[in-house]
Number of protein chains: 2
Amino acid sequence: MKPQFENPVCDECRSRLGNVFCALTTAQVSEMDSEKNCSIYKKGQIIFNEGNKPAGVYCVNKGKIKIYQTGEEGKEQILRLAKEGDVLGYRSLISGEAYSGTAAVMEDATVCFIPKRTFFDFLHTNADLSTQMMQLLSHDLKEAEARLTGLAQKPVRERMAEALLMLLEFYGTDKEGAINAVISREDIANIVGTATETTIRILSDFKGEKLIDLIGKKIKVNNHQGLIKTAHIYD
Amino acid sequence: MKPQFENPVCDECRSRLGNVFCALTTAQVSEMDSEKNCSIYKKGQIIFNEGNKPAGVYCVNKGKIKIYQTGEEGKEQILRLAKEGDVLGYRSLISGEAYSGTAAVMEDATVCFIPKRTFFDFLHTNADLSTQMMQLLSHDLKEAEARLTGLAQKPVRERMAEALLMLLEFYGTDKEGAINAVISREDIANIVGTATETTIRILSDFKGEKLIDLIGKKIKVNNHQGLIKTAHIYD
DNA sequence: ACTTTACAATGATTTCAATCATATAAAAAT
DNA sequence: ATTTTTATATGATTGAAATCATTGTAAAGT
């Protein structure tokens with residue numbers, strides 16, 4: 001039996017490369033279709049909050065989301081970004097703990113919720129999905145460890161160059177060739193792990209060095225190779 | 001058929017709480033016994049090297065091991081510590097990449113090697129082990145993210161207090177009540193993400209504040225609550 | 001259009017921690 | 001035992017980046 005309402009956005013999701021749910025069987029896909037619950041979130045809204053117990057996982061259909069931890073004086077450290085096709089909230093669900101971070105919407109988003117029961121049912125019956133999840137977690141862990149080392153050893157300037165390259169890679173470019181995301185200087189600072197003023201200064205430096213262009217809020221990478229050199233990435 | 005040589009150390013390993021291999025069936029345990037390969041490593045020896053392709057996972061029977069990444073000027077960033085019962089090298093093996101870190105022996109160790117084929121065979125046929133591995137990876141990821149935020153937001157002093165509490169928790173205490181590990185100031189610095197001199201100074205400060213005692217190379221935590229307060233941990 | 005609010009840009013100052021420099025103590029090697 | 005090496009300790013100096021302070025600019029609300 002088909003679900004009452006088809007959701008073409010979710011079909012899109014499944015077809016996207018890299019989403020763990022590609023491992024689902026046809027039967028599981030239709031089960032997910034009937035169990036999932038899609039919602040629309042506006043910019044600034046919270047999808048889940050640090051400290052809350054997860055009730056399932058989220059799959060992003062559309063929009064841009066940041067996952068961050070809040071430090072002592074309310075300063076955010078952005079741990080990860082998510083866009084269409086990305087899955088959210090699996091780490092806490094799997095380890096059975098409260099969320100260790102908060103997910104907030106940066107650009108209006110459509111997000112599907114898959115209940116815990118359904119997700120674990122899939123995990124237990126589908127070895128491919130388990131493998132996918134392990135690989136996803138392994139990838140996340142590698143990323144986190146690399147950032148950890150960078151944060152401990154690299155100066156802000158290098159980390160900033162690295163972050164810009166990451167943002168370019170992650171969001172791609174719009175028709176003007178700028179990074180396809182409207183992201184505040186404060187958010188960039190909270191990715192890099194620095195102060196907002198420092199971010200503004202370094203971006204301004206990079207502009208002066210013709211590495212980037214600042215078009216309104218948007219950032220255009222002019223000299224990709226130059227940024228790589230600045231980031232001290234040689235591999 | 002029983003393996004030619006029993007290894008009581010491995011039995012010990014399996015009985016230890018927290019080891020993912022607890023999920024193995026009796027048949028798998030004996031398969032592992034016949035496939036595994038135990039070696040003795042001396043202090044300073046390398047178990048695996050950043051950049052090399054993993055051929056299996058390692059299980060520590062005895063000894064103390066550090067996993068670190070090497071930064072630009074050869075500075076180590078310690079990502080994780082391992083002691084008896086801990087498993088090593090699964091992250092890279094699962095994601096099918098080269099090791100992102102180096103494992104070096106801090107105190108003489110006995111380590112078993114389980115070949116890739118055997119490990120993946122277990123993973124594919126034992127759902128419990130898959131679950132265990134997912135939980136282990138999730139835990140590692142949580143740790144790494146928490147450290148990331150700390151590194152970005154907390155001053156060295158707080159991170160140092162946190163690191164001492166972690167070392168105490170991880171290694172426990174010896175008969176004198178000191179942290180049960182001989183760990184150099186440089187290694188502590190490479191855990192905290194600071195300079196060796198800064199580590200020495202802060203440890204000396206902590207001693208002055210009666211938070212810790214320095215008995216030779218060993219560190220004894222005198223005022224646990226004080227360290228928690230210094231680390232700004234309130235949960 | 002105007003007011004309010006939020007974000008970006010820049011300058012001035014301070015501070016935390018790295019680096020440089022040297023001394024002392026403990027291991028390791030001869 | 002004595003030299004060499006390695007680790008710890010402490011002082012002096014520098015420097016990168018945070019913080020404080022102010023102005024400019026764009027966006028949102030009235």
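Chain naming here is simple, since letters A, B, ... match the order of the sequence lines and numbering starts at 1 in each.
Spacing between atom CD of A:E197 and atom P of C:dT10 amounts to 13 Å, rounded to whole angstrom units. Rounded to whole Å, atom P of D:dA9 lies 10 Å from atom CD1 of B:I188. With rounding to whole Å, A:I202 atom CD1 is found 15 Å from C:dG11 atom P. Straight-line distance from the CG atom of B:D205 to the C1' atom of C:dA17: 13 Å, rounded to whole Å. In this structure, the CG atom of B:L214 is 18 Å from the P atom of D:dA7, given to the nearest Å. Atom CD of A:E186 and atom P of C:dT5 are 18 Å apart (whole Å). One can place CZ of B:R201 at 11 Å from C1' of C:dC20, the figure rounded to the nearest angstrom. Straight-line distance from the NZ atom of B:K217 to the P atom of D:dA9: 10 Å, rounded to whole Å.
A donor-acceptor contact closer than 3.5 angstrom is absent between the side chains of B:N180 and B:D174.
Here the two cysteines B:C112 and B:C59 have their SG atoms 2.5 angstrom or farther apart.
Ion pairing between B:D108 and B:K42 holds under the 4.0 Å rule for side-chain N and carboxylate O. Ion pairing between a basic and an acidic side chain is recognised when a charged N comes within 4.0 Å of a carboxylate O; B:R91 and B:E97 show such pairing. Using a 4.0 Å cut-off between a side-chain N of Lys or Arg and a carboxylate O of Asp or Glu, A:R80 and A:D86 do not qualify as a salt bridge.
Checking the phosphate oxygens (OP1, OP2) of D:dA9, a side-chain nitrogen or oxygen of B:R185 falls inside 4.0 Å. Proximity of A:T198 to the phosphate of D:dA18: a side-chain N or O atom is located under 4.0 Å from OP1 or OP2.
Judged by distance alone, with hydrogens and angles left aside, the side-chain atoms of B:E107 form a donor-acceptor pair with the main-chain N or O of B:V182 at under 3.5 Å.
The stretch residues 149-165 of chain A touches DNA chain D through A:P155, A:V156, each having a heavy atom within less than 4.0 Å of the strand.
Residue contacts shown for B:T194 are limited to sugar-phosphate atoms, with no base heavy atom under 4.0 Å away. Among the protein residues, B:S204 comes within range of the sugar-phosphate backbone only, with heavy atoms under 4.0 Å from sugar or phosphate atoms but none that close to a base.
Each salt bridge (Lys or Arg N to Asp or Glu O under 4.0 Å) pair with one or both residues in residues 197-212 of chain A, not counting sequence neighbours, appears once here: A:R157-A:E209.
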